[in-house]
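The structure under discussion appears below in the form of structure tokens.
Ligands are counted one by one from 1 in listed order, and the atoms in each one are counted from 1 as well.
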Amino acid sequence: MNAPLLAAVIGLIAPTCALAQAGDTLARPPGIEAGDATEGARLVADRQKSLCVLCHSGPFPNPHLQGDLAPDLSGVGARLSEDQIRLRVTDMRRLNPDSLMPTYAALKAGERVGAAWRGRPILVEQEIEHIVAYLASLKE
Ligand code: HEC
């Protein structure tokens, strides 16, 4: 195989490999403190900011207002590790490129975003950490 062709083939294969090796977990980022489950519970139930309950049901306030587009989060802490939960809340599209779930760590951009939100993620890393601590505590 000649060199340019080989380079092209590696270019095609490499991104697929990176995805496969990315795995199912994400470690707590350096400099981010362990989350506070009480603060996480507040964030998950926040219908304006996190939006979690628009799609998910679970042991949260106002059961009649919870969505059914996504798995019930009851017992998620028994099904998934903290590192697995962190990956899902940070960027579900790494596991499911077609996911409905917003990529919470992605930068918001574009005209439709209010000035206060422009260029900022929906949830900052420390807020994701609070949510991870809360969801990990949901064992049943
Ligand atoms: C627009 C709908 C939507 C919103 C909003 C949403 N999710 Fe999801 N979520 C999903 C879907 C759908 C799945 C199932 C996996 C998939 O299809 O990508 C999922 C899966 C998950 C999972 C994995 C559950 C399991 O049992 O495997 C976790 C944890 C999770 N979401 C947490 C959250 C949290 C926390 C929030 C808010 C910060 C949130 N989600 C907001 C749609 C949503």
Test item: [X] side-chain N/O and [Y] main-chain N/O as donor-acceptor pair under 3.5 Å:
| X | Y | answer |
| --- | --- | --- |
| Glu125 | Ala105 | no |
| Gln126 | Glu33 | yes |
| Arg88 | Gln84 | yes |

Quiz item: Under 4.5 Å between side-chain heavy atoms, hopping through other hydrophobics if needed: is there a path connecting Leu95 to Val132?
Solution: yes
Quiz item: Is there a donor-acceptor contact under 3.5 Å linking the side chains of Asp72 and Ser74?
Solution: yes
Self-check item: Verdict with supporting geometry, Leu26 and Arg94, side-chain contact (heavy atoms from CB on, under 4.5 Å)
Solution: CA-CA 11 Å; Leu26 184 67; Arg94 284 192 221 169; 3.8 Å; yes
Practice problem: Could you pull out every protein residue that has a heavy atom closer than 4.0 Å to ligand 1, ordered by chain and then number? | Solution: Ser50, Leu51, Cys52, Cys55, His56, Leu69, Ala70, Pro71, Leu73, Arg79, Leu80, Arg88, Val89, Met92, Asn96, Ser99, Leu100, Met101, Pro102, Tyr104, Leu123, Ile131, Leu135
